[in-house]
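Values below: all heavy atoms of this structure, side chains included; hydrogens, waters and symmetry mates excluded. Since the structure is predicted, the reported quantities are computational estimates derived from the model, not experimental observations.
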Amino acid sequence: MRRQRAFSYAEALVATVLIAVALVPAIEALQTGIQGSALHTGFAVDHYRVLDKIEQTAATPYAELADAADAAGGPTVVVPPPFSDPPGTESRRLVYLARYDGDDDDGDGDGFSGADDGLIWVRVRIADTHFDLETLLHE
């Protein structure tokens, strides 16, 4: 009969070092995946908050939207509450409204000059981010 030999200390040490060296990149890969998941969750929450505000705005009577767009005076002016969230709100949603030139009758290529009756441009953006959505609403 042959006698099986036990692992030597040197073999055990080499095995331990190999496992330790292999675990470092594996743990770093897991950490990156977990961080990516948290980032995606934040983007998903922002997306649905902006989408919710677009839907709330679209549910507003057209005459009220047209009045707010006229009062804003252009596409770069934030429309105050109740359209936009009040100042101090976390991840504040800013609403921009403007009349829109859908047919470009004046031929200048600017969607915000020579506006068409019955067409409102809506943009909702989360303050201090580049996250926004735009749409057109018609009467």
Does a side-chain heavy-atom distance below 4.5 Å link [X] with [Y]?
X: V124; Y: L94; value: no
X: V50; Y: F131; value: yes
X: L136; Y: I120; value: no
X: R92; Y: P87; value: yes
X: D132; Y: Y96; value: no
X: W121; Y: L97; value: no
X: V78; Y: V95; value: no

Can you give me the closest heavy-atom contact between [X] and [Y], atom names plus distance?
X: A98; Y: G74; value: CB-C, 4.1 Å
X: V79; Y: A72; value: CG2-CB, 4.1 Å
X: P81; Y: P86; value: CG-CA, 3.9 Å

Does anything in residues 57-78 form a side chain to side chain donor-acceptor pair (under 3.5 Å)? List the pairs, not counting sequence neighbours.
D70-R99

Is there a path from V17 to I27 through hydrophobic residues (I, L, V, M, F, W, Y) whose side chains come within less than 4.5 Å of each other?
no

Is it possible for you to say whether L133 and V45 belong to one hydrophobic cluster, with membership spreading through side-chain heavy-atom contacts below 4.5 Å?
no

Residues R49 and D85 bridged, charged N to O under 4.0 Å
yes

Who else is in L18's hydrophobic cluster (ILVMFWY, side-chain heavy atoms under 4.5 Å, direct or via others)?
V14

Test your reading of the model: is there a side-chain donor-acceptor pair from [X] to the backbone of [Y], 3.5 Å cut-off?
X: T32; Y: E28; value: yes
X: E11; Y: S8; value: yes
X: T129; Y: I126; value: yes

Could you walk me through whether E55 and K53 pass side chain to side chain contact (heavy atoms under 4.5 Å, CB included), step by step?
CA-CA 5 Å; E55 290 172 354; K53 186 55 90 171; over 6 Å; no

Suppose we screen for side chain to side chain contact (heavy atoms under 4.5 Å, CB included). Which residues come up paired with H138, at least two apart in sequence or across chains?
L119

